[in-house]
Amino acid sequence: MAVEVVTFGCRLNTYESEVMKREADEAGLGTLENGAIIFNTCAVTAEAVRQARQAIRKARRDNPEARIIVTGCAAQTGADDFAAMDEVDLVLGNEEKLKSNSYRMLPDFGVNQFEKVRVNDIMEVRETASHMVDAIEGRARAFVQVQNGCDHRCTFCIIPYGRGNSRSVPMGGVVEQVKRLVGNGYAEVVLTGVDMTSYGPDLPGNLRLGKLVKTVLAQVPDLQRLRLSSIDSIEADEDLMEALANEKRLMPHLHLSLQSGDNMILKRMKRRHLRDDSIRFCEDVRKLRPDAVFGADIIAGFPTETEEMFQNSIRIVEECGLSHLHVFPYSPREGTPAARMPQLRREVIKERAARLRVAGDAAYRLHLESLKGTVQNILVERDGLGRTEGFTLAGLNTDDLSAGQIVSRMISGHDGDKLLAVPQNI
């Protein structure tokens, strides 16, 4: 039976799930009579952890004899909680999940001293290897890991304790992985990591993310589209800005880790930027790349947030020109400083998150309206849907296109959720 990997959370998890599937197959999990299901979890919110636990229980009901393995950030930070679940056979840490030997720890493989938990201290990990994959199953675009971990300690965030300190994949390994994926037919590659703009200082040569981007584009001339996952704008380097200005194959969509539009809340979050830094960054990028499109993560209802502070987050949507908003109702994570701060009532947090989503939806519809009558290059994904260079969803109204293909289409309008794209001669 094939090994099934269930992935939660970020693009880095999606990439790592491909590595895990290969390593688990190499370890022989596919030979188990009743199969194996691996859950690659996320810990960014309490809701993400709850969803993973719910999925694990359902998987056991549906597959009573299968081996169930849990790994990922939630397993790294809450190993004992998952080990206490009767449904779980093995818990692996974020470092262990990428090694085939870890999957041989099941008693099926004759292990004499079976330990249900194999989770080491992630803070002791000093390097991130380049794990080669040939494809990203079910995806029209491919993800490539360039960095892992985070050296910063934002007061709300549990992820550094799940991923460890920042460490970069050597540039040569990144280039080779991109070449491999492009050679296998991928037109678009997304560089991903936990804190991507911290790329490079741990490698020889004083490297930064911008240098990596320029090198990938120069050494993989057949790559049609290069995209970046979430970045921290305050750490954007000069080479990255130059690449945005001059490299049309670098996509003009940037997803920013803003988190709040209020200076006091940003300080209490222990962020490294203020609201004016974010506004200035968006203005600077638009001067270099007029077609730039911005998304952002914003947390609603952070501890001590007043209505006035929250209004600053509402206003920054327009001031930065954000059109792709990810709204997170604040979720206290045990062990973080923010969890010990004075908390807002859950109903207040939910109500503010709802208002912030309304503001984001309005900004998104204005963005859709602004593209009417333009010609857009769209990467076909599935079911007649695709994404523009600015990562805006578009309906292609045809079934004769292949996933991964890039087509040029006129935007005739939108339906509030997506662009309506038609051949230019219509």
Side-chain angles (χ1 to χ4, degrees), residues 2-32 35-44 48-49 52-53 55-56 59 66-85 87-133 143 145-150 158-169 173 192-194 202 335:
V3 176
E4 180 183 357
V5 180
V6 181
T7 307
F8 294 85
C10 64
R11 290 166 172 172
L12 181 55
N13 258 10
T14 299
Y15 171 80
E16 288 178 334
S17 286
E18 292 298 324
V19 178
M20 290 162 50
K21 190 180 302 181
R22 182 189 66 209
E23 297 300 305
D25 280 332
E26 185 178 310
L29 259 65
T31 67
L32 296 181
I37 306 171
I38 307 172
F39 287 86
N40 194 10
T41 63
C42 172
V44 71
V49 179
R53 294 172 68 88
I56 291 165
R67 288 296 184 185
I68 291 182
I69 300 168
V70 181
T71 185
C73 289
Q76 182 73 45
T77 58
D80 291 342
D81 294 336
F82 285 103
M85 296 179 68
E87 296 87 352
V88 175
D89 295 299
L90 179 65
V91 180
L92 298 178
N94 262 333
E95 183 70 6
E96 290 72 28
K97 73 182 183 183
L98 303 175
K99 300 174 180 177
S100 61
N101 283 342
S102 301
Y103 297 100
R104 296 191 181 101
M105 294 299 106
L106 289 168
D108 307 76
F109 296 99
V111 178
N112 293 326
Q113 292 183 323
F114 172 65
E115 297 176 22
K116 190 173 184 180
V117 178
R118 294 275 175 161
V119 178
N120 292 329
D121 184 359
I122 196 72
M123 295 301 177
E124 294 299 317
V125 180
R126 293 288 178 262
E127 295 181 349
T128 290
S130 177
H131 296 279
M132 294 292 166
V133 300
F143 305 138
Q145 179 188 19
V146 304
Q147 181 271 343
N148 203 342
C150 184
I158 195 72
I159 297 306
Y161 306 99
R163 288 287 182 175
N165 292 316
S166 181
R167 49 210 189 273
S168 308
V169 177
T192 186
V194 175
D202 55 320

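Values below: all heavy atoms of this structure, side chains included; hydrogens, waters and symmetry mates excluded. A quick note: this is a predicted structure, and the numbers were derived from the prediction, not measured.
- The side-chain hydrogen bond (donor to acceptor under 3.5 Å, both in side chains) test applied to Thr7 returns Ser17, not counting sequence neighbours.
- Closest of all the heavy-atom pairs between Ala24 and Ile38 is CB-CD1, 3.8 Å.
- Residues meeting the side-chain contact (heavy atoms from CB on, under 4.5 Å) test with Val119, sequence neighbours left out: Gln76, Ala79, Val91, Val117.
- In this structure, the side chain of Thr71 engages the main chain of Gly93 through a donor-acceptor pair within 3.5 Å.
- Here CD1 of Ile56 is found 5.0 Å from CZ of Phe82. Values are rounded to the nearest 0.5 Å.
- Residues Cys42 and Ala74 approach most closely at O-CB, 3.5 Å, considering heavy atoms.
- In this structure, the side chains of Ser166 and Val194 stay at 4.5 Å or more apart for every pair of heavy atoms.
- In plain terms, the two heavy atoms of Ala59 and Phe39 that are nearest each other are CB-CZ, 3.6 Å.
- Residues Met20 and Tyr103 form a side-chain contact, since some pair of their non-hydrogen atoms from C-beta on lies under 4.5 Å apart.
- The side-chain hydrogen bond (donor to acceptor under 3.5 Å, both in side chains) check on Glu96 picks up Asn120, with sequence neighbours excluded.
- Separation of atoms CD (Glu26) and CZ (Arg22) is listed at 7.5 Å; rounding is to 0.5 Å.
- Shortest non-hydrogen contact noted between Phe143 and Tyr15 is O-CD1, 2.9 Å.
- Nearest heavy atom pair, residue Val3 against residue Asp25, reads CG2-OD1, 3.3 Å.
- Expressed to the nearest 0.5 Å, how far CG of Asn40 lies from SG of Cys73 amounts to 8.0 Å.
- Residues passing the side-chain hydrogen bond (donor to acceptor under 3.5 Å, both in side chains) test with Asp81: none are found, sequence neighbours excluded.
- A donor-acceptor contact shorter than 3.5 Å links the side chain of Asp89 to the backbone of Ile68.
- In this structure, the side-chain contact (heavy atoms from CB on, under 4.5 Å) partners of Lys99, at least two apart in sequence or on a different chain, are Glu95, Ser102.
- Applying the side-chain hydrogen bond (donor to acceptor under 3.5 Å, both in side chains) criterion to Glu16, with sequence neighbours excluded, gives Lys97, Arg163.
- A search for side-chain contact (heavy atoms from CB on, under 4.5 Å) contacts involving Thr77 returns Ala43, Ile158, Tyr161, not counting sequence neighbours.
- Side chains of Leu106 and Leu32 form a contact here, defined as non-hydrogen atoms less than 4.5 Å apart.
- For Ala84, the side-chain contact (heavy atoms from CB on, under 4.5 Å) criterion is met by no residue, not counting sequence neighbours.
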Kindly indicate, with the supporting measurements, whether the criterion side-chain contact (heavy atoms from CB on, under 4.5 Å) is fulfilled by Arg67 and Leu29. CA-CA 9 Å; Arg67 288 296 184 185; Leu29 259 65; over 6 Å; no

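- Of the possible donor and acceptor atoms, none in the side chain of Thr192 sits under 3.5 Å from a partner among the backbone N and O of Gln145.
- The CZ atom of Arg118 lies 9.0 Å from the CG atom of Leu92; values are rounded to the nearest 0.5 Å.
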